[in-house]
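So the structure is just underneath, and the comments pick up after that.
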Amino acid sequence: MQGYILGISCGYHDSAAALIKDGKVLGAVEEERFTGIKHDSSFPINTINWLYKEFKISGKDISSVAFYDNPKKKLDRIEKSVKRGPLTELFNRGKILKRNKEKYKLFESQIYNITNDNIQLYYCDHHLSHAAYSFYTSPYDKASILSVDGVGEWETTTLWYGEGNKISKLQQIDFPHSLGMLYSAFTAFLGFKPNEGEYKVMGLAPYGDPKKFLNKFRKLYTLTDDGGFELNMEYFTYDWSDTHMFNEKLGKLLGIPNRLPEDNLNQPHKDLSATLQHEYEFLFFRLVDRLFSLRASNTLCLSGGCAYNGTANGKILEKSNFKNVWIPPAPSDAGSAIGAALHVYFENGGTQRQDNKSPYLGPYYSNEDVEKALEELELDVWFEKKQHSEIIPIISKEITEGNVVGWFEGKMEFGSRALGNRSILANPCDPQMKARVNRVIKKREGFRPFAPMVKAEEQTKFFDYKKDVPYMNQVVPVKEEWRDKLPAITHIDGSARIQSVTHQQHRRIHQLLSQLHKDNGFPIVLNTSFNLKDQTMVLDPKTAIETFLDCEMDTLVIHNYIIKKKIL
Ligand SMILES: [Fe+2]
């Protein structure tokens, strides 16, 4: 297939665009990184403009556009769904459908506006986009593929087999029976924002007793003979409402009212989170086993928003027959921009399975850009340019002594996780560090854990997990003897969401981890994304410096510059 393929994902949450040429992903960014609006769902015009500028092309060079879902099928589902609503919702039914129809019409005209009239526009089924992203970016030629999310058009869960350049569907579960929607409905019930607060519920789960609500919870679904499940829709309303996910019967069944965002978090909320996570894993592993029984292979490729459930993911190798697990850096809808484009490439005669593993697909800024930003803010900061070999020992010493360091380099990461290019780093051994990072920088709920980066060669000494975790998508046990010594990254249940860092994946972080090993005995560093509460990850040097000045971070490293605050 000739020319460039533009992949687009937008309209629901985490909009993104990606550019593909000859099967190679050249670049991909979430739109939120440009607009600063978390989970921005708007048409990714800023990302597309950046892709054009970065790769020196224009809309005339695009041969095909791959959109990450199928509007016709999606509108069909929305039309049928809203009809399930009560008669008093009649007016809203019309509004919901009209709004969605208009949204897709607008996207289509925007696509032609930013490309050309001769493009081939492909609408790729949503779960196929997810499956294609995880399989085609994996290093595996054959794999079983599982995609689990809220909902695409009709599908909420799909089971696939991939070989070479082809993916075939084996089974599906349709709306409203959805693991993603179940998790989001409980996220809402527990007073958090759906599509955002699921991490908080996952973080809360280890504080609770999963048995407390188990019997009641099991009234919410029935198991089907094909490895799937059906939700009892007596308790949920998301199948017809676009604003509410559950009804008052859910609280009555559970015996507790739904929590409001400002309410205290009490033990029943923790117990309910624990039950939800427990039951998610129960249903998820039935699907994993079902997939293996349908088409056995060594490898499981996982995608869809639920692939961010690191707690379940960390148990796949232990609890299933799969020997390898591949979860790409952006398994949620953002990654589907890449998935849809790669699917279109292979469907139209493309043959080259390129190495598309890198998560570093976003904007890069030169030293000149850094200097310009520093000049603009020179009244507030002091800086020094150093050789890379000089920076590593200085920063290792700072981290060891308890300083919190902003770390900015290279191309921005694609996906929700900071993987060493837009990160905040700190000492995982310091018992006060979790509270300090939370208090002065992230301002997150105190119960949420921070994640560690670990030098891949030393991983098994500290963690009970033998395989590499390149994108921080698996939660694994911290070995018993190290838990007390790594308090800032060890969760209450003795687990940690690790990133294994190899020299090949990230040379500078790998060197930093080696230096830390020498300096304090731990080749491990606390790593959290470079942003303040409710902000998106910093994009450019200027935003990085401004963010640094806005909080109590001690030191900032951008490329070869070590930056400190001027004390006025
Ligand atoms: Fe999705």
Side-chain angles (χ1 to χ4, degrees), residues 7-18 28 30-32 38-44 66-78 81 100 103-104 107 122-137 145-160 167 169 171-185 187 193-199 238-239 242 245 280 283-284 287 301-310 312-313 327-343 414-416 471 473:
I8 294 176
S9 151
C10 65
Y12 188 48
H13 55 85
D14 299 326
S15 289
E30 289 98 329
E31 182 72 358
E32 65 157 35
K38 274 192 116 174
H39 306 291
D40 197 345
S41 62
S42 59
F43 188 78
F67 194 76
Y68 85 130
D69 73 7
N70 184 317
K72 207 165 160 244
K73 291 183 190 172
K74 196 156 189 161
L75 289 168
D76 175 55
R77 192 253 300 163
I78 291 169
S81 299
N100 278 286
K103 186 170 77 176
Y104 281 115
F107 288 158
Y122 296 92
Y123 290 110
C124 185
D125 284 357
H126 185 80
H127 270 249
L128 180 56
S129 305
H130 275 315
Y133 174 53
S134 63
F135 179 58
Y136 291 136
T137 59
I145 310 163
L146 178 61
S147 170
V148 187
D149 71 354
V151 61
E153 294 84 12
W154 281 99
E155 297 155 321
T156 66
T157 306
T158 45
L159 286 64
W160 312 74
I167 292 175
K169 199 198 289 171
Q171 191 177 318
Q172 70 188 65
I173 299 176
D174 281 352
F175 190 79
H177 309 298
S178 162
L179 265 185
M181 287 293 193
L182 177 70
Y183 217 101
S184 293
T187 298
K193 206 171 162 196
N195 290 322
E196 205 178 298
E198 284 78 0
Y199 295 125
Y238 63 76
D239 58 330
D242 64 347
M245 302 204 74
Y280 171 83
L283 296 169
F284 173 77
L287 293 164
C301 289
L302 193 61
S303 56
C306 293
Y308 275 129
N309 194 313
N313 299 346
I327 307 162
S332 184
D333 285 1
S336 299
I338 293 179
L342 287 174
H343 170 71
F414 186 55
S416 302
Y471 312 123
N473 282 328

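All ligand and atom numbering here is 1-based and tracks the order in the structure. As the structure is a computational prediction, the values presented were derived from the model and not from experiment.
- Note on ring orientation: taking the six-membered ring where Trp is involved, the planes of Phe107 and Tyr104 are perpendicular (angle over 60°, cut-offs 30° and 60°).
- Seen from the ring of Tyr123, Lys74 does not count as a face-on cation partner, given the 6.0 Å and 45° thresholds.
- The Fe ion (ligand 1) has an N, O or S atom of His126 closer than 2.8 Å.
- If you look at Asp333 and ask which of its N, O or S atoms sits nearest the Fe ion (ligand 1), the answer is OD1.
- Rounded to 10°, the angle formed at the Fe ion (ligand 1) by Asp149 OD2 and His130 NE2 is 100°.
- Under 3.5 Å, the side chains of His127 and Thr158 contain a donor-acceptor pair of N or O atoms.
- Evaluated for a side-chain contact (heavy atoms from CB on, under 4.5 Å) with Glu153, the options Asp76, Asn70, Leu75 yield exactly one hit, Asn70.
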